[in-house]
Amino acid sequence: MTAQENRRNRWATLPVSLRAVITGILIALIPANVWPPLLLNLGVPLAATIELVFLGLYVWWASGGGPPQRIRAARSIAFRKRALSPAQWFWGVIAAFSFAATVHAAIVLLFRFVPFPIEAFRHGYNFSFIPSVPLRWVAVVVSATSAGVCEETGFRGYMQQPIEQRHGASIAILVSSVFFTLLHLTKAWAMVGMVPIVLGAGVLLGLLAWSSGSLIPGMIGHVVMDIGLFGYWWTGIAGDFSERPISETGVDRPFFITCAVLAIMLIIMLLAATRLRRIRVSTTVAV
């Protein structure tokens, strides 16, 4: 027996959930960290071009393309590769945008209770070295796309999907959401109040992947969410948050509007996810 076969056998003896967690983290983090050095060393136009080509190849490989041949089917299943019907695209896009709106409303609401720690949120996200605002926006969009594609592939695909098959959706979504949250606790902006928001975002993205049977709606929602995070909260390119906590202003109209937006967007997202699940089940039964 060769050394490679020994390694395969040892890997196969590990519990499915442990293998899924390790694989998911590696599939998410290694590709996601290709973009920062490209941006810092090559400039936006060239770096963005290379990164988009890389992400295309990454998705092709993660969804079952290329070598090694023996795990192509497993990669396709982990990626939740499937064609979406027009109805699934419709409800998937609704779920994606309402998810992103829910997260941003939750952040706004958080900083109506506590002051916005601008220095912590901007730490590590200085795009001032990029010479123009349009190029900064290109960097924002590519940064968001890289994070959204890689993290959804790793956490909601390669980590969550195998655990779903072994232990069910609830445990799988919880596990992927916890590790998704732990990953982001390394960030300077990961104050106590942000933890439940990140965990909640992970749960909603996990629910969306399970409901739709696809990573695409979650990727769209994740990218849209991160464009807002990079463009507004982390870099300030789109402006600065200036609302004061309600301890200073009192419970005012903007506070009530934020609460309403949060509730409405969350309800829409959950309804869209429910609709996606029904379509998926009906399609499976019909087949």
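As the structure is a computational prediction, the values presented were derived from the model and not from experiment.
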What about F155 and I77, same hydrophobic cluster or not, with Ile/Leu/Val/Met/Phe/Trp/Tyr joined at side-chain heavy-atom distances under 4.5 Å? no
Atom pair OG/CE of S98 and M265 - distance to nearest 0.5 Å: 6.5 Å
The criterion is side chain to side chain donor-acceptor pair (under 3.5 Å); which residues satisfy it with S247, sequence neighbours excluded? none
At their closest point, which heavy atom of L109 faces which heavy atom of T258, and how far apart are they? N-CG2, 3.9 Å
Taking only residues two or more places apart in sequence, or in another chain, which ones meet S85 in a side chain to side chain donor-acceptor pair (under 3.5 Å)? Q88
Do we see a donor-acceptor contact under 3.5 Å between the side chains of R112 and T249? yes
Looking only at atom types and distance, does a side-chain atom of Y158 sit under 3.5 Å from a main-chain N or O of A62, one as donor and one as acceptor? yes
Nearest heavy-atom approach of W35 to S146 is CB-OG, 4.0 Å
Just to verify, what does N33 make a side chain to side chain donor-acceptor pair (under 3.5 Å) with, not counting sequence neighbours? none
All salt bridge (Lys or Arg N to Asp or Glu O under 4.0 Å) counterparts of E152, not counting sequence neighbours: R156
Is L55 reachable from L42 through a run of I, L, V, M, F, W or Y residues, each pair having side-chain heavy atoms under 4.5 Å apart? yes
List the atom of G228, the atom of H104, and the distance in Å for their closest heavy-atom pair. C-CE1, 3.4 Å
Heavy atoms of F79 and T153 approach each other most closely as CE1-OG1, 3.6 Å
Pairs where residues 262-279 contributes a residue and the test salt bridge (Lys or Arg N to Asp or Glu O under 4.0 Å) is met, not counting sequence neighbours: none
Output yes when a side-chain donor or acceptor of D226 lies under 3.5 Å from a complementary backbone atom of L229, and no otherwise. no
Could you pull out all residues at least two apart from R19 that satisfy salt bridge (Lys or Arg N to Asp or Glu O under 4.0 Å)? none
Is there a side-chain contact between V34 and Y58, using heavy atoms and a 4.5 Å cut-off? no
V16 versus P162, closest heavy-atom pair with distance: CG1-O, 4.0 Å
From W91 atom CH2 to T274 atom OG1, the distance as rounded to the nearest 0.5 Å: 10.0 Å
State the CG-CD1 distance between L262 and I257, to the nearest 0.5 angstrom. 13.5 Å
Please list, chain by chain and in numerical order, all residues satisfying side chain to side chain donor-acceptor pair (under 3.5 Å) with W189, sequence neighbours excluded. Y125
Rounded distance (nearest 0.5 Å) linking atom CE of M191 with atom CD1 of I197: 8.5 Å
Any non-hydrogen side-chain atom of I220 less than 4.5 Å from a side-chain atom of W89? yes
With clusters defined by side-chain heavy atoms of hydrophobic residues (ILVMFWY) lying less than 4.5 Å apart, directly or transitively, does V195 cluster with L174? yes
Which value, rounded to the nearest 0.5 Å, describes the distance between C150 atom SG and I27 atom CD1? 9.5 Å
Listed by chain and number, what are the ring pair (Phe, Tyr, Trp, His ring centres under 6.0 Å) partners of F116, not counting sequence neighbours? F111, F121, W233, F241
Walk me through whether E164 and M159 qualify under side-chain contact (heavy atoms from CB on, under 4.5 Å). CA-CA 9 Å; E164 276 181 28; M159 184 182 295; over 6 Å; no
Under the salt bridge (Lys or Arg N to Asp or Glu O under 4.0 Å) test, which residues partner E248, sequence neighbours left out? R244
Output all residues satisfying side chain to side chain contact (heavy atoms under 4.5 Å, CB included) with I130, sequence neighbours left out; order by chain, then residue number. L39, V44, F127, L135, R136, A139
Transitive ILVMFWY side-chain link I71 to L18, under 4.5 Å: no
Verify, without hydrogens or angle tests, whether R280 (side chain) and W210 (backbone) share a donor-acceptor contact under 3.5 angstrom. yes
Show your reasoning for whether side-chain contact (heavy atoms from CB on, under 4.5 Å) applies to E51 and T145. CA-CA 10 Å; E51 176 65 14; T145 302; over 6 Å; no
Side chain W61, main chain P67, donor-acceptor under 3.5 Å: yes
Could you give the distance from CZ (R80) to OG (S214), rounded to the nearest 0.5 Å? 8.5 Å
Tell me every residue that passes side chain to side chain contact (heavy atoms under 4.5 Å, CB included) with S177, counting only those two or more places apart in sequence or in another chain. I173, L199, V203
Between P217 and I94, is there a side-chain heavy-atom distance shorter than 4.5 Å? no
Each residue besides L271 in its hydrophobic cluster should be listed here, by chain and number; the cluster joins Ile, Leu, Val, Met, Phe, Trp and Tyr at side-chain heavy-atom distances under 4.5 Å. I267
Check L215 against G157 and note the closest heavy-atom contact, atom names and distance. CD2-N, 3.8 Å
Has the side chain of T13 got a donor or acceptor atom that lies under 3.5 Å from a matching backbone atom of R10? yes
Verify the distance criterion only: is there a donor paired with an acceptor across the side chains of D240 and S242 at less than 3.5 Å? no
Face-on cation placement of R122 at W234 ring, 6.0 Å and 45° thresholds: no
Criterion side-chain contact (heavy atoms from CB on, under 4.5 Å) on L205 and H222, from CA distance to verdict: CA-CA 8 Å; L205 287 168; H222 198 143; 3.8 Å; yes
Are the side chain of S76 and the backbone of R72 linked by a donor-acceptor contact shorter than 3.5 Å? no
Begin with the C-alpha distance, continue with both residues' side-chain angles, and end with the deciding distance and a verdict on side-chain contact (heavy atoms from CB on, under 4.5 Å) for L266 and L204. CA-CA 9 Å; L266 179 58; L204 292 177; 4.1 Å; yes
Is there a path of hydrophobic side-chain contacts, each under 4.5 Å between heavy atoms of I, L, V, M, F, W or Y residues, that connects I264 with L207? yes
